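This one's a predicted model, so the numbers in the text were calculated from it and none came from an experiment. In what follows, chains carry the letters A, B, and so on, assigned in the order in which the sequence lines appear, proteins first and then strands, with residues in each chain numbered from 1.
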Amino acid sequence: MTQGINLNNFFSDYIKRESIFKDKKILQSNYDPETIIHRDNEIKQLADILAPCLKNEKPSNLFVYGKTGTGKTCVIKHIITEIEKISLQNSLNLKFIYLNCKLKRTADTEYRVIAQICRALGKEIPITGLPTEEVYNTFHSILESEHRNVILVLDEIDELVKKIGDDILYNLTRINTELKNSQLVLIGISNNIMFVDTLDPRVKSSLSEEELLFNSYNALQLQDILKKRALFALRDNNIDSGVIEKCAAYAAREHGDARRAIELLRVSAELADRANSGKILLSHLDEAQDKIEKERVIEITKSQPRQHQLVLFSILSLCPNNEKNIFTGEAYELYMKLCSKINLRPLTQRRVSDVISELDMLGVVNAKVISKGRYGRTREINLNLSKELLQETRKLLESSLDIKTSSLSNL
DNA sequence: CGAGATTCATGTGAAGTATACCTTTAGGCTTAA
DNA sequence: AAGCCTAAAGGTATACTTCACATGAATCTCGTA
């Protein structure tokens with residue numbers, strides 16, 4: 001037992017060591033800052049629009065759009081909490097419900113969205129089996145019996161409508177006209193600016209009684225945001241010069257995504273902390289870039305169902321060095337072989353085609369439909385992952401699917 | 001040589017099926033009066 | 001007779017399959033200069 005580290009020493013050192021963080025949660029993505037900068041206009045407008053609910057009047061439905069990380073969700077959640085505080089003080093029966101419609105198997109169908117709403121109101125709804133109509137009725141009766149005013153925030157609403165159509169929005173707006181004792185206010189959030197125009201005119205007019213656009217942050221604004229957060233989250237003087245600036249620049253390049261900028265800073269800090277460097281250096285920032293991307297892909301990969309994992313594994317195996325494009329047919333062929341190897345009932349090519357486009361939407365692969373002229377039409381699939389990450393993901397899938405690499409060579 | 005027809009590989013929409021889950025209902029059993 | 005349990009019947013949402021048709025540019029075909 002002469003080898004190995006001395007855990008006792010390690011832990012006592014660890015405790016003695018001063019962390020870079022003062023209050024880490026301020027840099028975490030679910031943190032709701034007390035004051036939001038560079039969004040005064042939006043906050044003011046939103047407050048104006050929503051304020052009537054404090055007098056028991058119905059605020060207008062609202063449609064909010066802007067790119068990811070422009071503070072839409074953040075501002076809305078912020079205002080929500082403020083209003084909730086006041087409504088509590090004045091014992092108004094006001095309830096906010098926030099749903100992200102992009103969440104797979106949670107809020108991505110009409111049934112699931114309404115079911116989630118009911119659950120948020122304290123009523124358990126089974127995952128399947130009930131008629132959707134029935135769930136609407138439950139929702140309706142909860143509202144009527146409790147005299148509640150509900151403000152429903154549907155985030156990434158464009159994804160939902162793209163998938164299942166705008167009936168759900170029509171139904172939701174219609175519910176309001178049938179309510180006697182309660183009100184339902186809809187707030188739709190979308191990353192896609194053109195989204196409203198694709199809606200049925202009836203839905204459009206009632207959903208976007210008010211509209212609010214969030215512009216992207218520029219690099220300077222991002223810097224302000226980062227500095228402010230860093231001030232509360234980190235100990236003094238432990239950020240190397242230029243780090244904040246570069247961090248903001250990276251994020252500004254990605255259409256001014258503040259969430260990304262903050263995440264970048266947090267992960268950099270974590271890395272610096274772990275390396276016991278005492279200061280966040282530019283090198284940590286670069287490292288953090290990779291780490292974030294890596295974790296994103298790994299996280300998505302892990303959470304996929306088996307079938308999706310195997311499809312992804314096939315794709316990864318076909319271009320191990322990330323140098324060539326592959327086509328649906330090739331991927332499917334390998335997928336079929338792998339299915340029989342690991343004893344999994346294969347899906348049809350029709351389905352796999354959809355699976356591939358789902359993987360594309362998740363951003364793990366790029367799949368573009370192209371025509372190869374005489375040689376047909378197909379999806380051109382490629383990966384924009386680093387070699388290293390690609391290998392890592394492949395290994396992960398290999399063990400999770402229990403595929404023996406040795407058995408692959410003779411395919 | 002060039003316009004229009006053909007071709008290929010698979011995208012894509014619609015309708016059907018399997019599965020897992022739900023409520024309702026009817027029958028059978030128990031129990032208390 | 002009332003109450004309770006159970007199992008069958010009848011219904012739904014979702015993931016997937018089956019079927020059939022749509023796509024669109026490279027290639028082929030054939031009339032024409």
Side-chain angles (χ1 to χ4, degrees), chain A residues 99-142 154 156 159-172 175 198 200 300-315 318-319 324-340 342-362 364-383 401:
Chain A
L99 279 186
N100 187 329
C101 305
K102 209 172 161 183
L103 293 178
K104 270 251 147 195
R105 282 155 243 274
T106 306
D108 59 346
T109 68
E110 180 166 23
Y111 179 91
R112 299 213 256 237
V113 168
I114 310 300
Q116 278 300 107
I117 297 171
C118 289
R119 288 185 197 121
L121 292 168
K123 173 85 180 168
E124 270 317 305
I125 303 287
I127 53 166
T128 177
L130 294 187
T132 308
E133 187 62 33
E134 185 70 28
V135 188
Y136 269 108
N137 291 339
T138 315
F139 178 33
H140 193 277
S141 61
I142 296 175
L154 295 175
E156 318 248 19
E159 297 287 333
L160 182 68
V161 170
K162 192 160 79 190
K163 196 173 166 216
I164 62 165
D166 55 11
D167 283 1
I168 181 171
L169 295 181
Y170 178 69
N171 291 335
L172 281 173
I175 275 189
T198 65
D200 180 303
I300 294 174
T301 306
K302 274 189 194 157
S303 69
Q304 289 307 103
R306 244 176 118 65
Q307 293 284 10
H308 294 228
Q309 288 189 342
L310 188 58
V311 173
L312 180 57
F313 182 80
S314 308
I315 294 171
L318 279 170
C319 53
K324 65 165 187 161
N325 296 331
I326 58 173
F327 306 115
T328 309
E330 300 173 70
Y332 187 67
E333 206 179 316
L334 178 56
Y335 162 82
M336 288 289 278
K337 284 179 186 161
L338 291 172
C339 272
S340 61
I342 66 170
N343 238 342
L344 189 67
R345 198 167 59 81
L347 298 175
T348 54
Q349 185 158 346
R350 175 71 184 81
R351 179 64 185 145
V352 168
S353 172
D354 282 348
V355 169
I356 292 174
S357 75
E358 279 171 44
L359 290 173
D360 173 63
M361 296 240 252
L362 289 167
V364 220
V365 305
N366 286 329
K368 197 169 75 198
V369 179
I370 56 154
S371 175
K372 289 186 293 166
R374 183 65 201 272
Y375 305 103
R377 222 163 105 86
T378 181
R379 276 202 178 82
E380 187 181 70
I381 309 164
N382 56 66
L383 304 152
L401 293 165

For this session: Check each of Arg379(A), Glu333(A), Glu380(A), Arg377(A) against Phe327(A) using the side-chain contact (heavy atoms from CB on, under 4.5 Å) test, and report the only one that passes.
Result: Glu380(A)

Exercise. Counting only N and O atoms by type, is there a donor-acceptor contact under 3.5 Å from the side chain of Thr378(A) to the main-chain atoms of Thr328(A)?
Worked result: yes

Problem set entry | Whether Tyr136(A) side chain and Ile175(A) backbone form a donor-acceptor pair below 3.5 Å | no

Exercise. What nucleic acid atoms does Ser357(A) come within less than 4.0 Å of, heavy atoms only: base, sugar-phosphate, or nothing?
Worked result: nothing

Exercise. Under 4.0 Å between a side-chain N/O of Ser353(A) and OP1 or OP2 of dG11(B), yes or no?
Worked result: yes

Exercise. To the nearest Å, how far apart are Asn137(A) CG and dC22(B) P?
Worked result: 19 Å

Exercise. Got a donor-acceptor contact below 3.5 angstrom from the Gln307(A) side chain to the Arg345(A) backbone?
Worked result: yes

For this session: In whole angstrom, give the distance that lies between atom CG of Asp354(A) and atom C1' of dT14(C).
Result: 14 Å

Problem set entry | Phosphate contact (dA26(C) OP1 or OP2) by Ser371(A) side-chain N/O below 4.0 Å | no

Exercise. Between dC16(C) atom P and Arg306(A) atom CZ, what is the distance in whole Å?
Worked result: 13 Å

Exercise. Taking for each residue the nucleotide of DNA chain C bearing the nearest heavy atom, is the 5' side occupied by Pro346(A) or by Thr109(A)?
Worked result: Thr109(A)

Problem set entry | Phosphate OP1/OP2 of dG11(B) contacted by Thr378(A) side-chain N/O (<4.0 Å) | yes

Exercise. Is Thr348(A) touching bases, backbone alone, or none of the nucleic acid, heavy atoms closer than 4.0 Å?
Worked result: base

Problem set entry | Nearest-angstrom distance from the residue atom CD of Glu134(A) to C1' of dT12(C) | 11 Å

Problem set entry | Euclidean distance, atom CD of residue Glu333(A) to atom P of dA9(B) [Å, nearest integer] | 12 Å

Problem set entry | From dG13(B), dA15(C), dA26(C), nucleotide with atom closest to Arg374(A) side chain | dA26(C)

For this session: Please report, rounded to the nearest Å, how far the P atom of dA18(B) is from the CZ atom of Arg345(A).
Result: 11 Å

Problem set entry | Upstream residue (5' side of DNA chain B) when Arg350(A) and Phe327(A) are each assigned their closest nucleotide | Phe327(A)

For this session: State plainly whether the residues Lys104(A) and Glu159(A) are in salt-bridge range, i.e. N to O under 4.0 Å.
Result: no

For this session: Respond yes when some side-chain nitrogen or oxygen of Arg379(A) is under 4.0 Å from OP1 or OP2 of dT23(C), and no when none is.
Result: no

For this session: May I ask you to decide if Gln349(A)'s main-chain N or O and Ser353(A)'s side chain share a donor-acceptor pair within less than 3.5 Å?
Result: no

For this session: Take Gln309(A) and Arg306(A), measure what side chain to side chain donor-acceptor pair (under 3.5 Å) needs, and give me the verdict at the end.
Result: CA-CA 5 Å; Gln309(A) 288 189 342; Arg306(A) 244 176 118 65; 5.6 Å; no

Exercise. Roughly how many Å is it from NZ in Lys372(A) to P in dT23(C), rounded to a whole number?
Worked result: 20 Å

For this session: Specify the residues of residues 116-131 of chain A, ordered by number, for which at least one heavy atom lies under 4.0 angstrom from an atom of DNA chain C.
Result: Thr128(A), Gly129(A), Leu130(A), Pro131(A)

Problem set entry | Matching residue for Ile164(A) among Asp167(A), Asp166(A), Ile168(A) - test: side-chain contact (heavy atoms from CB on, under 4.5 Å) | Ile168(A)

Exercise. Given atom CD1 of Ile164(A) and atom P of dA14(B), what is their separation to the nearest angstrom?
Worked result: 16 Å

Exercise. Is Arg377(A) near enough to dT12(B) that one of its side-chain N or O atoms lies under 4.0 angstrom from OP1 or OP2?
Worked result: no

Exercise. Are Tyr375(A) and dT27(C) close enough that a side-chain N or O sits under 4.0 Å from OP1 or OP2?
Worked result: yes

